[in-house]
Asker: 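Sharing a structure with you now.
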Amino acid sequence: FSRFLQILLDAMSQLFFSLSVSMGIMITYGSYVKNDVNLNKATNQIEIFDTGIAILAGLMIIPAVFAFSGGNPEMLNAGPSLMFITLPKVFASMGIGTGAGILFFVLVLLAALTSAVSLMETSVSTFMDELHWSRKKATSIMGVSMVLLGSLSSLGYGPLANVTVIGMQFLDFFDFLTNSVMMPIAAIASCILVSRVIGVDRIADEVTLNGAPFRRRKVFNAMIRFLCPFFAAIILISSIASAFGWISM
């Protein structure tokens, strides 16, 4: 049961990251959406493509890692380090491993850059609106901050490998801090904001702005008020307890 619970919690944590939930990206990008966009269709497309890509990635990566690691559970549960430790070993064992590895990490670089742009826009737009900074100033400060924190992550499995935070390398710690702590807290706060402050009726007005029906209104209402805060709280509590060794998962 504990193993199933761990997989379920890991899947929910990955869901937060994969859909960019509670990172401000959806809110920031949503502010640029035109009124004629059908939010129902856009949501369906995100659900289908995100789930499809996740399934394909799992079908490709998990069997390969299992085969080349000999079923070593430590490698299979490597987390973020899987990309930088285990996968290079997989590429090294392939006939075209060098070319495939280069192509893979180039694509990873492009994915990281596009994600960095979306994450930066959230903070930049906030600084511009709340502190009245210029876009250049806000972008420069955020860029420097991202380079500094990113450098710690990249050096965590190199020169700074002996430096750990609560037993984690820098990359694993930042992943834990953002995915398992900050994002659930932001999710709970977002649910309270939408359900108690903004109100579900105003959300429904936005969805139906172009005449499209809001067929998921009852489901959305129940999830935003009860289910989402509940599961986000479970992720937060269990992740912190597991990180500090209070529970074993």
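By convention here, the first residue in the shown sequence is residue 1. Just the heavy atoms: all of them, side chains too, but no hydrogens, waters or symmetry mates, feed the values below.
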Asker: Where the side chain of S238 meets the backbone of I235, is there a donor-acceptor pair that is under 3.5 Å apart?
Answerer: yes

Asker: Starting from L160, can I reach L177 by hopping between I/L/V/M/F/W/Y residues whose side chains sit under 4.5 Å apart?
Answerer: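 Cluster IDs for L177 and L160 match.
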
Asker: Atom CZ in F170, atom OG in S154: separation rounded to 0.5 Å?
Answerer: 10.5 Å

Asker: Identify the two heavy atoms, one from I166 and one from F176, that lie closest to each other, and give their separation to 0.1 Å.
Answerer: CD1-CE2, 4.0 Å

Asker: Please tell me whether F105 and I102 are part of a single hydrophobic cluster in this structure, the criterion being side-chain heavy atoms less than 4.5 Å apart.
Answerer: no

Asker: For I96, is the CD1 atom crowded, meaning more than 12 foreign heavy atoms sit under 6.0 Å from it?
Answerer: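 Atom CD1 in I96 is not packed in, count stays at 12 or less.
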
Asker: Inspect the surroundings of OH in Y32 and state if more than 12 heavy atoms from other residues, nucleotides or ligands are less than 6.0 Å away.
Answerer: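 Counting other residues, nucleotides and ligands, OH of Y32 exceeds 12 neighbours.
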
Asker: What is the distance from atom CZ of F231 to atom CE of M223, rounded to the nearest 0.5 Å?
Answerer: 8.5 Å

Asker: I'd like to know if F173 and M146 are part of one continuous hydrophobic network [Ile/Leu/Val/Met/Phe/Trp/Tyr, side-chain heavy atoms within less than 4.5 Å].
Answerer: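 Shared cluster, no.
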
Asker: Would D172 and T164 count as a side-chain contact (heavy atoms from CB on, under 4.5 Å) if you check the C-alpha gap in whole Å, the side-chain angles of each, and the deciding distance to 0.1 Å?
Answerer: CA-CA 9 Å; D172 295 318; T164 60; over 6 Å; no

Asker: Are I198 and V219 connected into the same hydrophobic cluster when the rule is that any two of I, L, V, M, F, W, Y join if their side-chain heavy atoms are below 4.5 Å apart?
Answerer: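 No, separate clusters.
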
Asker: Quick one: CZ on R135 to CD on E121, what's the gap to the nearest 0.5 Å?
Answerer: 4.5 Å

Asker: Can you check whether A111's main-chain N or O pairs, donor with acceptor, with T114's side chain at less than 3.5 Å?
Answerer: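 Yes; at least one donor-acceptor contact below 3.5 Å.
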
Asker: Using atom types as modelled and distance alone, determine if a side-chain donor or acceptor of Q169 lies under 3.5 Å from a backbone N or O of A161.
Answerer: yes

Asker: Could you walk me through whether W133 and I141 pass side-chain contact (heavy atoms from CB on, under 4.5 Å), step by step?
Answerer: CA-CA 11 Å; W133 288 0; I141 291 177; 3.4 Å; yes

Asker: Under a 3.5 Å cutoff, is there a donor and acceptor pairing between the side chains of N221 and R225?
Answerer: yes

Asker: What is the distance from atom CD1 of I224 to atom OG of S190, rounded to the nearest 0.5 Å?
Answerer: 7.5 Å

Asker: Counting only N and O atoms by type, is there a donor-acceptor contact under 3.5 Å from the side chain of N40 to the main-chain atoms of P213?
Answerer: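 Here the side-chain-to-backbone pair exists.
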
Asker: Could you check whether E47 pairs with R216 (Lys NZ or Arg NE/NH1/NH2 to Asp/Glu carboxylate O, under 4.0 Å)?
Answerer: yes

Asker: Restricting to non-hydrogen atoms, name the atom on L149 and the atom on F174 that form the minimum distance, rounded to 0.1 Å.
Answerer: O-CE1, 3.7 Å

Asker: At what distance, to the nearest 0.5 angstrom, does CD1 of I237 lie from OG of S242?
Answerer: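 Spacing of CD1 (I237) from OG (S242) equals 13.5 Å.
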
Asker: Can you tell me how far apart OG (S125) and CE (M120) are? Round to the nearest 0.5 Å.
Answerer: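 Result: 12.0 Å between the selected atoms.
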
Asker: When you look at V194 and F220, which way does the side-chain contact (heavy atoms from CB on, under 4.5 Å) test go after all the steps?
Answerer: CA-CA 11 Å; V194 171; F220 175 80; 4.2 Å; yes

Asker: Given side chains that start at C-beta, do those of F127 and K137 come closer than 4.5 Å, heavy atoms only?
Answerer: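 Not touching, per the 4.5 Å side-chain cut-off.
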
Asker: State, to 0.1 Å, how close G58 and P63 come at their nearest heavy-atom pair, and which atoms those are.
Answerer: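 Minimum heavy-atom contact is O-CD, 3.4 Å.
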
Asker: Applying side-chain contact (heavy atoms from CB on, under 4.5 Å) to V144 and L148, what does each step give before you reach the verdict?
Answerer: CA-CA 6 Å; V144 172; L148 292 177; 4.1 Å; yes

Asker: In this structure, would F104 and M94 fall into the same cluster of hydrophobic residues linked by side-chain contacts under 4.5 Å?
Answerer: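 Linked, F104 and M94 end up in one cluster.
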
Asker: Testing the basics here: between T126 and T122, what is the closest heavy-atom pair and its distance to 0.1 Å?
Answerer: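 Here T126 and T122 meet closest at OG1-O, 2.8 Å.
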
Asker: Can you name the closest pair of heavy atoms from A138 and M128 and give their distance?
Answerer: CB-CG, 4.5 Å

Asker: Closest heavy-atom contact between H132 and D129?
Answerer: CE1-O, 3.6 Å

